[in-house]
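Working notes, structure below.
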Amino acid sequence: MRPGQAALSRSDLRSRYDRPLDGPFYDRTTTVVARELLGAWLVAPVGRAFAAARIVETEAYVATDPASHAYRGRTTRNASMFGAPGTLYVYRIHQVHCANAVTRPGEAVLLRAAEPLTEGMGNASGPGRLARAFDLTRSDDGSSLTEGRVRMVPGDDRPARVTRSPRIGISKATERPLRFSWTGHPNVSRPRPWARGASTA
DNA sequence: AGCAAGATTAGCT
DNA sequence: GCTAATCTTGCTC
């Protein structure tokens, strides 16, 4: 589904919503999941319709990663990062929320940007904007991406190229190339990494 | 109980 | 580019 194609029907979206990516999809190496999520769709019911957006940018947060919220073990805030694969971890930072897909215990993939596929959805380029577009708050923390309100479903296409670059907005482990972007996609958040200094593989 | 820090963003120079 | 907004969590006293 690219801009310019026919609009997604409600029945099509419902069908996809009923066939989300399953637990085993998330029970893999976190960097693999981060890359594989590019092109997947986030879908949620909105009134009688559905909202959907295509994931175009992610970041991996792994074990022994000083930048990870789980680095110092389990706390009240990060408890859902230790939940089952496919658990949604939502936290608040400053005035906004950010959403992650939990992979293996203590590891997760931050959903950084998505391309809106349905009418009326707000800008989703940036983790705070993405979470806001789906009205994700702390009340969604710990829910499941396979059976909760907001679900991740297989997409229709994959990026031709993926750009791997350092993560954004962190102060520790800033050199690790754990940010994954759909190369050239206009909805990837700034700074756009493919211009320079990143490997496109 | 108090305080520093933060996986962001909007808005202004 | 740079700063402020704004508030929750986790750690220390």
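Keep in mind that what you see is a predicted model, and the values were worked out from it rather than measured. Side chains are part of it too, since the values below use all heavy atoms of this structure and drop only hydrogens, waters and symmetry mates.
Distance, A:H69 NE2 to B:dT8 P: 9 Å, rounded to whole Å. Rounded to an integer number of Å, the gap from A:N78 CG to B:dA7 P is 12 Å. Atoms CD1 (A:I168) and P (B:dT9) sit 11 Å apart, rounded to a whole Å. In this structure, A:E57 places its CD atom 13 Å from C1' of B:dT8, rounding to the nearest Å. The CG atom of A:L111 sits 16 Å away from the P atom of B:dA7 (whole-angstrom rounding). Between A:I93 atom CD1 and B:dA5 atom P there is a gap of 13 Å when expressed in whole angstrom units. The interatomic distance linking A:L110 (CG) with B:dT8 (P) rounds to 7 Å, in whole Å. Rounded to whole Å, atom P of B:dA5 lies 18 Å from atom OH of A:Y71.
A:R167 comes within 4.0 angstrom of nothing in the nucleic acid, heavy atoms only. Among the heavy atoms of the strands, none lies under 4.0 Å from A:R72. Residue A:R179 is classed as having no contact, given no heavy-atom separation below 4.0 Å to the nucleic acid.
Ring centers of A:H69 and A:Y91: under 6.0 Å apart, within the cut-off.
For the pair A:H94 and A:R138, both in contact range of DNA chain C, the more 5′-proximal nearest nucleotide belongs to A:H94.
Partner assigned to C:dT12 is B:dA1, using Watson-Crick or G-U wobble distances below 3.5 angstrom. Nucleotide C:dT6 is matched to nothing when pairs are restricted to Watson-Crick or G-U wobble geometry with both distances under 3.5 angstrom.
For the pair A:R77 and B:dG6, the criterion of a side-chain N or O lying under 4.0 Å from OP1 or OP2 is not met. An OP1 or OP2 oxygen of B:dA10 is reached within less than 4.0 angstrom by a side-chain nitrogen or oxygen of A:R132. An OP1 or OP2 oxygen of B:dG6 is reached within less than 4.0 angstrom by a side-chain nitrogen or oxygen of A:S171.
Closest contact between the side chain of A:R129 and the listed nucleotides B:dT8, B:dG6, B:dT9 involves B:dT9. Distance from the side chain of A:Y89 is smallest for B:dA7 among the nucleotides B:dA10, C:dA5, B:dA7.
Judged by distance alone, with hydrogens and angles left aside, A:Q95 brings a side-chain donor or acceptor within reach of the base of C:dA5, the pair sitting under 3.5 Å.
The residues A:R92 and A:D141 are annotated as not salt-bridged, no charged nitrogen and carboxylate oxygen being separated by less than 4.0 angstrom.
Judged by distance alone, with hydrogens and angles left aside, the side-chain atoms of A:R54 form no donor-acceptor pair with the main-chain N or O of A:A114 at under 3.5 Å. Remark: the backbone N or O of A:S125 is paired with a side-chain donor or acceptor of A:N123 at under 3.5 angstrom.
By the 5.5 Å and 30° criteria, A:Y91 is not stacked with the base of B:dA7.
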Quiz item: Can A:S181 and A:T163 be said to form a side chain to side chain donor-acceptor pair (under 3.5 Å), step by step?
Solution: CA-CA 5 Å; A:S181 306; A:T163 299; 6.0 Å; no
Practice problem: Would you check, one step at a time, whether the test side-chain contact (heavy atoms from CB on, under 4.5 Å) holds for A:C98 with A:L110? | Solution: CA-CA 7 Å; A:C98 296; A:L110 172 66; 3.9 Å; yes
